[in-house]
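Keep in mind that the numbers below use all heavy atoms, side chains included, and drop hydrogens, waters and symmetry copies. Just so it is clear: chains get the letters A, B, ... in the order the sequence lines come, proteins before strands, and each one is counted from 1. Keep in mind the model is a prediction, meaning the values are calculated, not measured.
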Amino acid sequence: MANDPIELHIMKKIFNAEKLFFRIGELSSMTGVSTRQLRYWEQKNYIHSIQRDDEQSARVFHFKEYARVSGIKYFLDQGYSLQAAVKQVNQYIDVSHFLHKFVKEGIKTVKTSNNTCEIDLGWLDEAKTQHLYARLEDEKFKYYVE
DNA sequence: GTTCTAACA
DNA sequence: TGTTAGTA
């Protein structure tokens with residue numbers, strides 16, 4: 001981690017935002033979903049928050065819940081019922097877990113120079129003899145092994 | 001000022 | 001779901 005190039009360092013920070021929490025008012029204004037709805041959805045077990053034992057036992061929502069709430073809101077606006085919207089979001093969450101894991105663990109190093117970006121995608125084979133690289137050339141990714 | 005629960009519209 | 005009441 002300490003030897004990561006700056007681009008990867010920042011990217012890992014973004015994809016490791018585990019310490020971001022919001023209170024219900026913030027989440028509401030961020031997503032356009034009313035606090036009443038958020039409480040109701042939580043009661044229905046569509047979203048989750050953690051109780052804080054200090055202060056006035058106010059809810060705190062994890063950063064990941066922002067993505068979930070935004071997703072539900074999106075499908076709701078598309079005309080889905082609440083239940084159907086949640087189902088849709090759950091499928092997308094599965095994909096995002098994969099993407100999260102891929103970016104966090106699948107990308108080893110990123111090198112950038114003037115107009116090119118090169119990504120080390122890790123070992124190509126089990127024996128670990130070849131690396132797979134992706135390079136951005138003319139807005140297109142070219143893959144090669146070394 | 002914000003959040004909580006509960007209740008009524 | 002919105003809104004309002006009475007709290008903490």
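For A:R39 and B:dC4, the shortest distance from a side-chain N or O to OP1 or OP2 is below 4.0 Å. Contact between the side-chain N/O atoms of A:R59 and the OP1/OP2 oxygens of B:dT3 is not found at any separation under 4.0 Å.
In this structure, A:S70 contributes its side chain and A:Y66 its backbone to a donor-acceptor pair below 3.5 Å. For the pair A:E146 (side chain) and A:H131 (backbone), a donor-acceptor distance under 3.5 Å is absent.
Counting any heavy atom pair closer than 4.0 Å across all strands shown, A:S34 reaches sugar-phosphate atoms only and no base atom.
Atoms CZ (A:F22) and C1' (B:dT3) sit 17 Å apart, rounded to a whole Å. Atom CG of A:L82 and atom C1' of C:dT1 are 11 Å apart (whole Å). Separating the CD1 atom of A:I72 from the C1' atom of C:dT1 is a distance of 16 Å, rounded to the nearest angstrom. Between the C1' atom of B:dA6 and the CD atom of A:E42 lies a distance of 16 Å, rounded to the nearest Å. In this structure, A:E26 atom CD and B:dG1 atom P are separated by 17 Å, rounded to whole Å. Remark: P of B:dC4 and CG of A:L27 are 11 Å apart, rounded to the nearest angstrom. The CD atom of A:Q37 sits 18 Å away from the C1' atom of B:dT5 (whole-angstrom rounding). In this entry the distance linking CG of A:L76 with C1' of C:dT1 reads 11 Å, nearest Å.
If you check C:dA8 for Watson-Crick or wobble pairing at under 3.5 angstrom, you find it paired to B:dT2.
Screening A:V89, A:L38, A:L82 against A:Y46 for a side-chain contact (heavy atoms from CB on, under 4.5 Å) leaves a single residue, A:L82. Here the rule is side-chain contact (heavy atoms from CB on, under 4.5 Å) with A:R68, and of A:T31, A:N90, A:V86 only A:N90 fits it.
Position along DNA chain B of the nearest nucleotide to A:G25 versus A:R36 favours A:G25 as the more 5'-ward residue.
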